[in-house]
Amino acid sequence: MTMDLFEHSPPEPWAESLCEGAVVLRRFASVSGAELLAGIERVTAQAPFRQMRTPGGHIMSVAMTCCGDWGWVTDARGYRYQHQDPVSGDPWPAMPEVFRTLAVEAATKAGYDDFEPDSCLINRYSPGARMGLHQDKNEDDFGQPIVSVSLGAPAIFQFGGLRRGDRPQRVPLEHGDVVVWGGPARLRYHGVLTLKVADHPLTGACRYNLTFRRAR
DNA sequence: AAGTTTCA
DNA sequence: CAGC
């Protein structure tokens with residue numbers, strides 16, 4: 001006879017090291033997934049998802065929006081953080097408290113005790129969307145880590161080295177997984193492979209990614 | 001410049 | 001050789 005106490009217990013989060021300074025916290029956000037999705041809805045009511053243009057003139061396949069004091073934007077003038085949403089001209093929506101709490105707890109669990117995020121980039125991946133290898137280097141203080149929360153459909157995260165040519169690790173990410181990188185890993189290249197068709201109970205075919213950083 | 005990029 |  002099976003012990004259904006075990007079958008119905010929430011899975012315990014566990015950690016996997018990617019390299020010095022980087023860790024995946026598996027299922028870390030799973031219990032608060034629905035609250036985080038409600039937070040996304042609150043933000044996107046004020047700052048809807050949009051597909052931004054790169055300086056090279058291409059439209060990104062990932063739809064983005066932001067919340068917090070600073071939002072990351074890209075257009076023909078380049079990459080930068082802005083206090084205002086360029087679509088509305090209004091300041092970005094406030095960062096939901098459940099977002100901040102999760103980000104700080106994840107950073108602490110990963111060994112970064114003084115994380116004070118002032119920016120959250122929200123990425124929506126539909127099937128076929130991808131994110132090319134890049135570095136997060138528009139921030140002023142590389143002493144603060146990056147915290148990346150996966151929600152909904154699964155994806156393959158590419159986690160590379162400090163040079164573009166370094167072969168990336170392929171890291172499967174599921175709903176509730178949180179990747180934290182900082183210190184010697186802060187400027188590692190990373191990206192996301194093309195999202196496959198999937199069906200998640202909370203998000204359907206979409207994957208959402210919350211990326212927390214200290215911009216200024 | 002966060003797009004795409006390898007010859008089979 | 002697995003995976004794209």
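Bear in mind that the values here come from a model prediction, so they are computed numbers and not experimental data. Labels below follow one simple rule: chain letters A, B, ... track the order of the sequence lines, proteins then strands, and each chain is numbered from 1.
- Rounded to a whole Å, the CD atom of A/Gln158 is 13 Å from the C1' atom of B/dT4.
- Side chain to side chain, A/Arg207 and A/Ser150 meet the donor-acceptor criterion of an N or O pair below 3.5 Å.
- Ring planes of A/Trp181 and A/Phe157: tilted class, angle from 30 to 60°.
- Within the 4.0 angstrom heavy-atom criterion, only backbone atoms of the sugar-phosphate kind lie near A/Arg164; the bases stay farther away.
- Straight-line distance between the P atoms of B/dC7 and C/dG3: roughly 22 Å, to the nearest whole Å.
- Judged purely by distance below 3.5 Å, without hydrogens or angles, the side chains of A/Trp72 and A/Asn138 pair a donor atom with an acceptor atom.
- Between A/Asp75 and A/Arg53 no salt bridge is recorded (no basic side-chain N to carboxylate O distance below 4.0 Å).
- For A/Pro55, counting side-chain heavy atoms from C-beta on, the closest listed nucleotide (B/dG3, B/dA1, C/dC4) is B/dA1.
- The side chain of A/Tyr79 lies closest to B/dA1 when the candidates are B/dA1, B/dT4, C/dG3.
- Using a 4.0 Å heavy-atom criterion, one finds that A/Gly56 contacts no nucleic acid atom at all.
- The phosphate of C/dA2 (OP1 or OP2) has no side-chain N or O of A/Arg170 nearer than 4.0 angstrom.
- Of the C1' atoms belonging to B/dT5 and B/dA1, the separation is 16 Å, rounded to the nearest Å.
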